[in-house]
Novice: 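First the structure, then my questions, so here it is.
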There are 2 protein chains.
Amino acid sequence: MTGTASRPTLEAVAARAGVSRATASRVVNGGDGVREPLVERVRRAVEELGYVPNQAARSLVTRRHDAVAVVIAEPETRVFADPFFALQLRGISKELTAHDSQLVLLLTEGRDDHARVGRYLAGGHVDGALVFSLHLHDPLPGLIQGAGVPTVFGGRPGWADGTRDAAPTVYVDCDNRGGAREAVRHLAGLGRTRIAHITGALDQTSAADRLDGFRDVMADVDPALIAEGDFTPAGGEHAMRELLERRPDVDAVFAANDLSASGALRVLRERGRRVPDDVAVIGFDDMLPVAEQTDPPLTTVRQDIEEIGRLMARLLLRGLDRGAVRGLGHGAARDLDRRAGEDHLGDAPSSVVLPTTLVRRASA
Amino acid sequence: MTGTASRPTLEAVAARAGVSRATASRVVNGGDGVREPLVERVRRAVEELGYVPNQAARSLVTRRHDAVAVVIAEPETRVFADPFFALQLRGISKELTAHDSQLVLLLTEGRDDHARVGRYLAGGHVDGALVFSLHLHDPLPGLIQGAGVPTVFGGRPGWADGTRDAAPTVYVDCDNRGGAREAVRHLAGLGRTRIAHITGALDQTSAADRLDGFRDVMADVDPALIAEGDFTPAGGEHAMRELLERRPDVDAVFAANDLSASGALRVLRERGRRVPDDVAVIGFDDMLPVAEQTDPPLTTVRQDIEEIGRLMARLLLRGLDRGAVRGLGHGAARDLDRRAGEDHLGDAPSSVVLPTTLVRRASA
DNA sequence: TTGAAAGCGCTAACAT
DNA sequence: ATGTTAGCGCTTTCAA
């Protein structure tokens with residue numbers, strides 16, 4: 001095990017360079033307003049001593065940490081099984097790296113973890129938090145609020161905005177409801193009349209919103225055509241079996257995400273139903289490793305997951321940079337018509353809802 | 001965005017409780033040697049003020065952080081695609097949680113990330129580091145050593161032990177070579193004579209060791225029977241195709257991990273070779289979600305990945321607890337004969353190599 | 001048992 | 001442009 005030497009302090013560097021601690025500090029932090037020869041001497045001293053600033057000491061005075069926590073309210077097993085998180089994390093990671101901020105991933109499995117995460121956030125280890133995959137009645141938002149850490153959520157949180165706090169909740173999400181509507185309309189446009197829905201985990205707003213979108217189009221749908229899933233392939237399989245049992249005449253399925261859709265597809269094949277001839281299937285997310293690998297390839301509602309991650313990070317960093325984390329303006333959800341690739345942000349951090357697009361492949 | 005209130009200090013708590021800062025501190029840290037009524041008053045003040053210790057200030061004096069970094073030298077895409085990491089992380093997470101230590105996950109994609117991670121570790125944010133998936137010529141070990149952070153590696157690092165540092169390198173691994181030997185002997189015992197090997201990424205010691213194990217048994221093997229893979233299903237597919245081309249008479253395959261084996265299986269099926277009748281296949285890892293789902297279910301060399309993670313964490317924490325991180329005794333690799341579930345650790349932190357077991361399913 | 005005081009290593013006014 | 005100095009919030013001797 002590699003050992004811990006007692007590291008040299010700025011004091012030591014200053015002494016070796018023959019300058020004051022203040023000058024040494026200036027050089028270490030960029031060297032503005034220090035004359036070249038001194039800069040040089042300090043740099044050499046740093047080099048020779050192998051000096052690295054003590055972050056605890058620095059943070060104590062600057063109150064900055066150059067680190068952002070990402071909190072995923074989901075057990076590791078799911079986090080690592082679902083490409084969704086990987087994509088989001090990648091977007092976040094890219095943005096943070098560009099800002100020279102360290103990504104600190106906090107996984108929370110059980111209730112004990114929640115408390116620990118709360119303490120970690122409150123303890124001032126990070127400048128802010130990015131939180132996603134929140135479930136209804138999750139204690140996390142409360143803890144985070146208690147911790148007083150600037151936070152941006154991934155996906156609309158499950159509580160009514162503005163009721164919990166003076167400062168508005170900022171989140172990034174895609175247009176779940178609109179995307180769902182588009183999917184169902186597409187199925188209807190194909191002439192399907194017995195359109196079913198496999199929901200996601202209904203304690204998450206994304207699932208609830210997609211269900212709402214489904215209902216927007218299928219106003220008086222037979223409840224038997226709605227089966228509850230949980231965003232996993234297994235959940236999709238189970239729901240599909242249920243659907244086939246309750247309504248053998250089903251001719252289309254809108255699944256709450258691609259993973260569920262892949263499960264549904266498997267069951268349909270097993271039961272000898274041809275897709276899309278007998279039953280048309282649409283997913284949600286357009287997760288390439290899933291949607292392109294299914295048989296047949298999946299028609300789906302695309303959302304730019306990586307971009308969501310990137311925006312979350314950008315929103316947070318922007319809020320931090322301007323030091324204004326209280327009483328920020330809170331615009332209505334918007335940007336529905338902006339093209340991806342543009343900067344989806346306004347001047348003041350406010351929630352952003354990204355558009356979705358239907359991607360047609362073979363399954364519907 | 002939830003705001004940052006200026007948090008109450010210990011000073012404020014002390015004032016409110018009518019005690020000195022020292023007494024308040026004692027209570028916050030367990031309350032030993034403080035009389036009950038005072039403890040009570042301080043506790044109440046903490047409660048009322050919503051006091052949370054400032055970790056930066058605390059760390060500055062204690063030099064403890066109650067946090068451990070996990071560094072994975074692999075791009076997110078792979079980290080999140082391979083169940084291997086999830087399992088290892090789970091083991092680590094459990095152990096750290098039990099020690100009330102926070103897991104801080106640091107992903108490193110490119111070279112810039114390396115530098116940033118190095119700075120993070122050197123900056124004293126964490127008490128120690130757990131590092132895995134190291135590749136040959138990876139700059140990380142050097143950076144970590146420079147950072148002077150106690151570290152335990154997952155998987156035998158690729159450099160000769162002891163040559164880099166006065167303090168010995170501590171790692172946890174499974175018996176890759178022995179496991180490989182057992183797999184190949186099993187195939188030979190089945191009467192197979194044209195046994196091929198699909199390697200892992202050969203810049204990792206696990207892959208090199210498994211190849212060595214293969215060679216131990218197949219001393220004068222035709223080089224055409226060894227195809228290079230990279231631990232991914234796609235790599236396995238590619239290697240299998242190559243193998244079939246070079247030696248159509250191949251009658252057995254030992255793949256460096258289950259993921260590669262699943263790719264090989266796919267190609268064999270596509271080419272109409274029956275498994276195990278025409279070609280027997282063995283994998284490595286026994287990752288349930290993979291090995292049990294293949295068709296046919298995979299015979300494989302089992303290693304307890306979660307246990308490896310757990311041991312890594314335990315080893316590190318032990319080293320930290322005894323404060324002795326330099327010049328620790330370094331025993332020879334051992335524990336090969338211990339049963340899983342026992343404590344695989346001796347008194348002083350030293351590397352541990354866990355045994356493997358052959359799990360027979362249908363593919364060989 | 002409790003309090004006073006020193007100081008962890010650093011940054012940021014403020015002087016010079 | 002450089003140095004002096006006062007803390008950041010906490011733990012921990014040391015005295016009382």
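Treat the numbers as computed from the prediction; the structure is a model and nothing was measured. Throughout, a chain's letter reflects where its sequence line sits, starting with A, and its residues are numbered from 1.
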Novice: Could you check how far CZ of B/R7 sits from C1' of D/dG9, rounded to whole Å?
Specialist: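 The answer, rounded to whole Å, is 13 Å.
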Novice: If you check every side-chain atom of A/V61, which of D/dC10, D/dG3, C/dT11 has the closest atom?
Specialist: C/dT11
Novice: Only one of A/T23, A/V34, A/D32 passes side chain to side chain contact (heavy atoms under 4.5 Å, CB included) with A/V39; say which it is.
Specialist: A/V34
Novice: Under a 3.5 Å threshold, yes or no: a donor from one side chain and an acceptor from the other, between A/N29 and A/R58?
Specialist: yes
Novice: Atom CZ of B/R58 and atom C1' of C/dG7: how far apart are they, to the nearest Å?
Specialist: 17 Å
Novice: It should be established whether A/T9 places a side-chain nitrogen or oxygen under 4.0 Å from OP1 or OP2 of nucleotide C/dG9.
Specialist: no
Novice: With a 4.0 Å limit, can you tell me whether B/S25 has a side-chain N or O closer than that to the phosphate oxygens OP1/OP2 of D/dT11?
Specialist: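 The answer is yes; a side-chain N or O of B/S25 sits under 4.0 Å from OP1 or OP2.
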Novice: Closest nucleotide of DNA chain D for A/G18 versus for A/A57: which of these residues is on the 5' side?
Specialist: A/G18
Novice: Counting only side-chain heavy atoms from C-beta out, which of C/dC10, C/dA5, C/dG3 sits nearest to B/R21?
Specialist: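 The answer is C/dA5, which lies nearest to the side chain.
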Novice: Roughly, in whole Å, what's the span from CD in B/Q55 to C1' in C/dC8?
Specialist: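 The answer, rounded to whole Å, is 15 Å.
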Novice: Distance check: side-chain N/O of B/R35 vs OP1/OP2 of C/dT2, anything under 4.0 Å?
Specialist: yes
Novice: Between B/T62 and D/dT11, is there a contact of a side-chain N or O with OP1 or OP2 at under 4.0 Å?
Specialist: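 Checking B/T62 against D/dT11: no side-chain N or O falls below 4.0 Å of OP1 or OP2.
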Novice: Can you tell which of C/dC10, C/dA12, C/dG9 lies closest to the side chain of A/A22?
Specialist: C/dA12
Novice: Looking across every strand, which nucleic acid part, if any, lies under 4.0 Å from A/R63 by heavy atom: base, sugar-phosphate, or nothing?
Specialist: sugar-phosphate
Novice: Taking all atoms of both residues into account, what is the closest heavy-atom pair of B/G128 and B/V149, and its distance?
Specialist: CA-CG1, 3.4 Å
Novice: Does the side chain of B/Q102 come under 3.5 Å of the side chain of B/H65 through a donor N or O and an acceptor N or O?
Specialist: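 No pair is found: no donor N or O on one side chain lies under 3.5 Å from an acceptor on the other.
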Novice: How long is the line joining CG of B/L10 and P of C/dG3, in whole Å?
Specialist: 12 Å
Novice: I'd like to know if the side chain of B/R41 reaches the main chain of B/A17, judged simply by a donor and an acceptor atom lying under 3.5 Å from each other, with no hydrogens or angles considered.
Specialist: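 A pair under 3.5 Å: yes.
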Novice: Rounding to a whole Å, what distance do you find between A/E11:CD and C/dG7:C1'?
Specialist: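 For the pair A/E11 CD and C/dG7 C1', the rounded distance is 12 Å.
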Novice: CG of B/L38 versus P of C/dT1: gap in Å, rounded?
Specialist: 11 Å
Novice: Within less than 4.0 Å of OP1 or OP2 of C/dC8, is there a side-chain N or O belonging to A/N54?
Specialist: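 For A/N54, the contact criterion (side-chain N or O under 4.0 Å from OP1 or OP2 of C/dC8) is not met.
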Novice: On the side chain of B/R26, is there an atom forming a donor-acceptor pair with the base of D/dT11 - under 3.5 Å, no angle test?
Specialist: no
Novice: Specify the separation, in whole Å, of atom CG of B/D32 and atom P of C/dT2.
Specialist: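 It is 12 Å, rounded to the nearest whole Å.
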Novice: Would you please confirm or rule out a distance under 4.0 Å between OP1 or OP2 of D/dT4 and any side-chain N or O of A/S20?
Specialist: no
Novice: Starting at atom CG of A/N29, determine the distance to atom P of C/dA12, rounded to an integer number of angstrom.
Specialist: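 One finds 7 Å between P of C/dA12 and CG of A/N29, rounded.
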